[in-house]
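Data block below; observations after.
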Amino acid sequence: MREFDDLSHVVALLSWDQETNMPRTGAAARAAQLSTLNVLRHERLCDPRLGELLELGAEGEPSQEQAAMIRNLEHDRDRAVRLPVEFVRRMAAAESRGASIWREARAADDFGMYRPVLEEIVGYKREQAELIGYEGEPYDALLDAYEPGMTVARLEPLLASLRVELERILGAIRGRPAAPVAPFVSRTFEPAAQWELTLRILRDIGFDLGAGRQDISAHPFSTSISLQDVRLTTRLDESNPFDAIYSSIHEAGHGMYEQGFDPRFAGTPLAQAPSHGIHESQSRMWENWVGRSRPFIEHYTPIMREAFPDALADADAGQIYDEVTRVEPTLIRVESDEVTYNLHILIRFELELALLRGELEVAELPDAWNDTYERTLGIRPPSDALGVMQDIHWSHGSHGYFPSYTLGNLYAAVLWEALVRDLPDAEAGFAEGSFAPVLEWLREHVHRLGYLHSAEDTVRIASGGSGLEVGALVRYLDTKYETA
Ligand code: ZN
């Protein structure tokens, strides 16, 4: 188990370096190094001796923790042994080629350039699903990599009911006058001051910078090398300080989860989140439920004014709150607000499901994308770069990943209701800069548990009974945006 853990974390470190420090000329050698390590891990995972050991372990009356370790490793092994090494190698090569062609094609706004490799990748995904196997439909086999046990049969009706509610909420917001745009929106915000401010917020909310660090990358992400070494990235945009602030808070939410696993689980398959969805619940909760609350903005308004004395000279907390909670349909997922964000995800889910089912071909994807945006958000992308080519996910074969983002919001809402039941004054405390009670609650009820239980069971235990449901998120949005 420790060797698997070491291999995964060395891969994480090399990938982190690739995004933060590596000179561009290092790309080819780095791709080869990563591929060698991934193949090594795959081969070891498929080693028949490991299968025998896992069987022996399961027969030997394991403790609850040992049983969970065996179950988690078996889940990974089960998926791996069904894929021939040669298939894994070919698919990985196509995915790495896909990501680099996507970068060029997006810059050139040329879907034709991207189409052949995307067709190849979708072909691999269909083949991968068949090799892994499924009870319901092919998409389930892909979904299971990110949200173990989740199925289309469960997800589709859930997301359909969420869509109805989100469209109602969006309609109500669009039916009333929007808050005026504050004058600071068009000003310049010193990048060095943004950087200092993000570090201060990380410290304030409880990310341990003694056991982690923050760097700059084009697309913010977080990764963990060990429980005592968690890396975050952010980006600095001169014209918009909130991009850096909320990227840092979001990634810190992921990072604090990684820093909070029970130290006894280090080096085992328990020192990880049970799913990408529940991981995302932690980042979303800090970003939106905490960071986009009124008391949070009240606390940080004087601090932001000090950081940007020129740009925010005439700004008050009300204006900043209006700006960071503005709801408006936009073309780009990563720039969207917390109401329309999930609609962006539902669009991607619908399209990738159709691709996997063979109901939609890659060649039809740009039109299908644009039509769905027009139907759902009332805006039509003027180009494929601002449409179907905006996300990296499909280019490197992460089909089945998108629902994790919405599952994260759903889990976050359920957990937040439970947290507020236990700590009714938590939100008011943000106005005094008090975040420790929230972190302590999450540590005790979520982080510490690692992957002892499934994602939904973890949420159920933490919340005292509520699992995956739409109601909590709808109540949260209705209250915040006064749309009930
Ligand atoms: Zn995230």
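Counting starts at 1 for both ligands and their atoms, in listed order.
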Checklist entry - Can you give the angle H254 NE2 - the Zn ion (ligand 1) - H250 NE2, rounded to 10°? => result 100°

Checklist entry - So which N/O/S atom does E280 have closest to the Zn ion (ligand 1)? => result OE1

Item to check | Residue pairs fulfilling salt bridge (Lys or Arg N to Asp or Glu O under 4.0 Å) with at least one residue in residues 224-234, sequence neighbours excluded | outcome: D229-R231

Checklist entry - Within E251, is some N, O or S atom less than 2.8 Å away from the Zn ion (ligand 1)? => result no

Item to check | Under 2.8 Å: N/O/S of H279 next to the Zn ion (ligand 1) | outcome: no

Next on the checklist: If I compare all heavy atoms of V470 with all of L158, which pair ends up nearest, and what's the gap?
Outcome noted: CG2-O, 3.5 Å

Checklist entry - Does the side chain to side chain donor-acceptor pair (under 3.5 Å) test come out yes or no for D5 and S8, once each step is laid out? => result CA-CA 5 Å; D5 194 69; S8 310; 5.9 Å; no

Next on the checklist: Under the rule for side-chain contact (heavy atoms from CB on, under 4.5 Å), what residues qualify as partners of E374, not counting sequence neighbours?
Outcome noted: R380

